[in-house]
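Written out below as structure tokens is the structure these notes cover.
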Amino acid sequence: MSKQNILITVDNIVFSIVDQQLQVLLIKRLIEPFKDMRALPGWFVLENENLEKAAHRELEEETSVKNIYLEQLYTFSEVNRDPRGRVISCAYMALVARENIIINPGSDAAETQFFAVNKLPKLAFDHKKVIEYALQRLKWKMEYTNIAQYILPRKFTLSELQKVYETILNQAIDVRNFRKKIEKLWLVKETGEKEIGVQYRPAKLYEFSTRKLEIVDVL
């Protein structure tokens with residue numbers, strides 16, 4: 001029986017809407033390989049934890065967020081993806097409203113910050129490929145689920161909801177058609193509140209009808 005020397009890591013792709021752009025959280029690496037380059041937050045899986053626990057641990061260390069949407073994305077296992085040796089990475093996609101994040105760089109990072117997905121710096125490892133894969137998954141799920149709720153504040157206007165769809169899908173959406181579809185689906189419900197502290201006529205605030213991920217033909 002052949003002896004294997006394979007290491008397992010988790011990498012987290014954390015998406016959020018920042019400055020009206022879809023952005024992803026990146027660290028600046030403190031150590032080799034790829035010292036001082038940008039990379040996804042991640043680390044080796046510890047002996048006493050499974051993959052999901054490792055992904056949550058890394059997220060808490062980097063962002064101080066515990067209650068976050070997280071789903072397993074894909075396993076990247078190309079033979080030469082890591083110069084340290086044979087390393088397989090299980091990637092997780094996370095979504096979070098920007099106001100819920102307190103950035104806290106981990107021990108392997110000099111700093112942590114968001115970057116627009118269409119203006120990424122040069123990345124370590126195969127992380128550009130990982131982000132592109134995650135972005136495509138996110139776009140697909142925006143069309144057939146209520147996943148948008150995890151990147152929005154708990155309460156929002158219909159304009160803010162539409163803007164999230166337009167930002168992530170990178171396309172304009174007709175206002176009337178969008179609102180008719182949302183109302184028909186019972187995707188959201190009124191909170192009975194309105195915006196405060198605005199200089200224009202305050203809009204109604206809404207929240208999602210359920211906090212569970214569901215299949216919904218949104219677009």
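It should be emphasised that the depicted structure is a prediction, and the values quoted were computed from it without experimental measurement. We number each residue from 1, following the sequence as shown.
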Is any side-chain N of the basic residue among [X] and [Y] closer than 4.0 Å to the acidic one's carboxylate O?
X    : Y    : answer
E111 : R38  : yes
R179 : E183 : no
E71  : R137 : yes
E143 : K139 : no
R84  : D82  : yes

Practice task
From the options I13, I168, I147, I68, select the one residue that forms a side chain to side chain contact (heavy atoms under 4.5 Å, CB included) with L95.
Solution key: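 Single side chain to side chain contact (heavy atoms under 4.5 Å, CB included) partner of L95 among I13, I168, I147, I68: I147.
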Nearest 0.5 angstrom please: [X] [atom1] to [Y] [atom2], how far?
X    : Y    : atom1 : atom2 : answer
L22  : T167 : CG    : OG1   : 7.5 Å
R154 : L152 : CZ    : CG    : 12.0 Å
L135 : Y133 : CG    : OH    : 13.0 Å
S209 : L187 : OG    : CG    : 6.5 Å

Please determine whether residues [X] and [Y] belong to a single hydrophobic cluster, defined as Ile, Leu, Val, Met, Phe, Trp and Tyr linked transitively by side-chain heavy-atom distances below 4.5 Å.
X    : Y    : value
L138 : I173 : yes
F156 : V218 : yes
V175 : V164 : no
I131 : L169 : yes

Handout entry: E132-Q136 side chain donor-acceptor pair, cut-off 3.5 Å
Key =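 No pair is found: no donor N or O on one side chain lies under 3.5 Å from an acceptor on the other.
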Exercise for the section: Using distance alone, with no hydrogens and no angle criterion, decide if Y200 and E195 have a side-chain donor and acceptor under 3.5 Å apart. Expected result: yes
Without swapping roles, check the side chain of [X] against the backbone of [Y] for a donor-acceptor pair under 3.5 Å.
X   : Y    : result
E78 : N80  : no
N12 : M93  : no
Q21 : A116 : no
S16 : R98  : yes

Practice task
Show your reasoning for whether side-chain contact (heavy atoms from CB on, under 4.5 Å) applies to V130 and F76.
Solution key: CA-CA 8 Å; V130 176; F76 294 85; 3.8 Å; yes
Exercise for the section: For the pair F125 and H127, name the ring-plane relationship: parallel under 30°, tilted 30 to 60°, perpendicular over 60°. Expected result: tilted
Exercise for the section: For side-chain contact (heavy atoms from CB on, under 4.5 Å), just list the numbers for I215 and Y144, CA-CA rounded to whole Å, side-chain angles, deciding distance to a tenth of an Å, and then say yes or no. Expected result: CA-CA 6 Å; I215 303 296; Y144 70 87; 3.9 Å; yes
Practice task
Could you go through the side-chain contact (heavy atoms from CB on, under 4.5 Å) check for R57 and E61 one step at a time?
Solution key: CA-CA 6 Å; R57 171 179 53 77; E61 290 176 357; 3.4 Å; yes
Problem - Partner of K204 by salt bridge (Lys or Arg N to Asp or Glu O under 4.0 Å), out of E160, E193, E190 - result: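 Checked E160, E193, E190 against K204; only one passes salt bridge (Lys or Arg N to Asp or Glu O under 4.0 Å): E190.
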Exercise for the section: For T9 and W43, run side-chain contact (heavy atoms from CB on, under 4.5 Å): C-alpha distance rounded to whole Å, both residues' side-chain angles, the deciding distance at 0.1 Å, then the answer. Expected result: CA-CA 5 Å; T9 65; W43 194 245; over 6 Å; no
Practice task
Would you check if the distance from the ring center of F15 to the ring center of Y150 is below 6.0 Å?
Solution key: no
Handout entry: More than 12 heavy atoms of other groups within 6.0 Å of N118 CG
Key =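 Result for CG/N118: enclosed.
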Handout entry: Considering all heavy atoms, the nearest K141-T145 contact
Key =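 Minimum heavy-atom contact is O-OG1, 2.6 Å.
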